Amino acid sequence: MLKVDNLHAFYGKSHVLHGVSFGVGAGEIVALLGRNGSGRSTAAKTIMGLVDGQGSLLWKGQEILGKKVYEVAHLGIGYVPENRDIFPTLTVHQNLQLGQKKAAGGGRWSFDDMYTMFPRLKERQHTEAGVLSGGEQQMLTLCRTLMGDPDLIIIDEPTEGLAPKIVELVAQYLKTLKERGISVLLIEQKLTIAMQISDRCLVMGHGSIVFDGTPKTLNDDSYIRKEWLEV
């Protein structure tokens, strides 16, 4: 579904991505791993059009490099940023409403689906999002993105700063996406989460892909884990 080919990206004169190439198939969970500063978040932002890039980004065979962020979103790619970006003065339910890109009932996901997956959101649906805990805000951001009915969802560090019980909830949520045929590009530092739920693991180092393989192969590769991952 997504094919990234020889992707380069810059922040001013700083060359951040150096010829990154990988793909994400239909209904596949791909974990993008690496240390802080390796270029993982920049890769996600370049796919979404938030950072200018050079190379090729094919989405279902269509070139999307250079498109505006809203154009990429309307083509079916959802993005959950690391900083969550909820609307703090709006209620939980209103935040979910803002995520809808199709008429009510026109997508694969409903409000009931969101509240079934995360009952805590249902309990707080009339509460302003700004007073939610960090874990609740992460749930809300994930669900708001899903309300846009994406075919691929890019999630940047969804478990950062969350309690272990909430981390398990997020992992189960990602498995549910796979069951519904949604592809996931998961940017994560926690190797254990990636090993549990991903079909393939990519490892980035200094703006390049240094490993592309199965979780088992990565687990057996002590050099990659020692040199390029925080474990």
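This is a predicted model, so every value here is computed, not measured. All residue numbers refer to positions in the sequence shown, counting from 1.
The two residues Ile86 and Arg144 have their closest heavy-atom pair at CA-NH1, 3.5 Å. Across Gly27 and Ser183, no two heavy atoms sit closer than the pair N-OG, 3.0 Å. Shown here for Arg35 and Glu227, the closest heavy-atom pair between the two residues is NE-O, 3.5 Å. The two atoms that bring Met195 and Ser198 nearest to each other are N-OG, 4.4 Å, heavy atoms only. Between Leu152 and Val184 the shortest heavy-atom distance is CD1-N, 3.9 Å. Between Ala9 and Thr46, the shortest heavy-atom contact is CB-OG1, 3.7 Å.
When hydrophobic clusters are built by joining Ile, Leu, Val, Met, Phe, Trp and Tyr residues whose side-chain heavy atoms come closer than 4.5 Å, directly or via intermediates, Leu32 is grouped together with Ile77. Ile155 and Leu2 fall into different hydrophobic clusters, where Ile, Leu, Val, Met, Phe, Trp and Tyr side chains are chained together by heavy-atom contacts under 4.5 Å. Residues Ile197 and Met139 are members of one and the same hydrophobic cluster, defined by side-chain heavy-atom contacts under 4.5 angstrom among Ile, Leu, Val, Met, Phe, Trp and Tyr. Cluster annotation: Met1 is connected to Val30 through the hydrophobic network of ILVMFWY side chains, with a link wherever side-chain heavy atoms come within less than 4.5 Å. By the criterion of side-chain heavy atoms lying less than 4.5 angstrom apart, applied directly or through intervening Ile, Leu, Val, Met, Phe, Trp or Tyr residues, Val4 is grouped together with Leu50 in one hydrophobic cluster.
At least one donor-acceptor pair under 3.5 Å links the side chain of Arg200 to the backbone N or O of Gly23. When atom types are taken as modelled, the side chain of Asp212 and the backbone of Leu202 share no donor-acceptor pair closer than 3.5 angstrom. No side-chain donor-acceptor contact under 3.5 Å links Asn6 to the backbone of Gly55. Looking only at distances, a side-chain donor or acceptor of Glu188 sits under 3.5 Å from a matching main-chain atom of Lys190.
Residues Phe118 and Glu136 have side chains not in contact (no heavy-atom distance under 4.5 Å, counting atoms from C-beta outward). Tyr79 places a side-chain heavy atom less than 4.5 Å from the side chain of Lys45. Looking at Ser110 and Asp113, their side chains come closer than 4.5 Å, going by heavy atoms from C-beta outward. Arg124 has its side chain within reach of Val131: a pair of non-hydrogen atoms, C-beta onward, lies under 4.5 Å apart. Contact annotation: the side chain of Asp52 never approaches that of Phe10 to less than 4.5 Å [non-hydrogen atoms, C-beta and beyond]. Looking at Leu185 and Phe22, their side chains come closer than 4.5 Å, going by heavy atoms from C-beta outward. In this structure, Gln125 and Tyr115 have side chains that are in contact, with non-hydrogen atoms separated by less than 4.5 Å.
Between the CG atom of Leu96 and the CG atom of Leu90 there is a distance of 11.0 Å, given to the nearest 0.5 Å. Between Leu177 atom CG and Arg108 atom CZ the span is 9.5 Å, to the nearest 0.5 Å. Taken from CD1 in Ile47 to CG in Leu57, the straight-line distance is 6.0 Å, to the nearest 0.5 Å. With values rounded to the nearest 0.5 angstrom, Tyr70 atom OH is found 11.0 Å from Leu75 atom CG. Summarising the geometry, atom CG belonging to Leu121 is positioned 12.0 Å from atom NE2 belonging to His93; distances are rounded to the nearest 0.5 Å. Taking OG of Ser21 as the start and CG of Leu7 as the end, the distance is 8.0 Å to the nearest 0.5 Å.
At a threshold of 4.0 Å, the pair Arg120-Glu123 counts as salt-bridged, since one of the basic side-chain nitrogens sits closer than that to a carboxylate oxygen. Between Arg225 and Asp221 there is no salt bridge, since none of the side-chain N atoms of the basic residue sits less than 4.0 Å from a carboxylate O of the acidic one.
In this structure, Lys3 places its NZ atom where only 12 or fewer heavy-atom neighbours from other residues, nucleotides or ligands lie under 6.0 Å away. More than 12 heavy atoms of other residues, nucleotides or ligands lie within 6.0 Å of CG in Asn219, so this atom counts as buried by the packing criterion.
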**Message:** Pair Asp149, Trp109 - check side-chain contact (heavy atoms from CB on, under 4.5 Å), show working.
**Reply:** CA-CA 7 Å; Asp149 201 24; Trp109 302 89; 3.9 Å; yes
**Prompt:** Is there a side-chain contact (heavy atoms from CB on, under 4.5 Å) between Thr176 and Gln172 once you walk through the steps?
**Reply:** CA-CA 6 Å; Thr176 301; Gln172 186 56 51; 4.0 Å; yes
**Asked** Does the pair Leu142 and Gln138 meet the rule for a side-chain contact (heavy atoms from CB on, under 4.5 Å), with working shown?
**Response** CA-CA 6 Å; Leu142 293 168; Gln138 184 63 276; 4.0 Å; yes
**Message:** Using the rule given for side-chain contact (heavy atoms from CB on, under 4.5 Å), can you reason through Leu146 versus Met114, listing the C-alpha separation, both sets of side-chain angles and the distance that settles it, and then say yes or no?
**Reply:** CA-CA 9 Å; Leu146 266 193; Met114 303 299 102; 3.9 Å; yes
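The side chain to side chain donor-acceptor pair (under 3.5 Å) contacts involving residues 55-67 comprise Ser56-Glu63, Lys60-Asp151, where partners must be two or more places apart or lie in separate chains.
Tested against His8, the residues His15, His18, Gln54 include a single side-chain hydrogen bond (donor to acceptor under 3.5 Å, both in side chains) partner, His15.
Between the side chains of Thr217 and Asp220, no donor-acceptor pair of N or O atoms lies under 3.5 Å.
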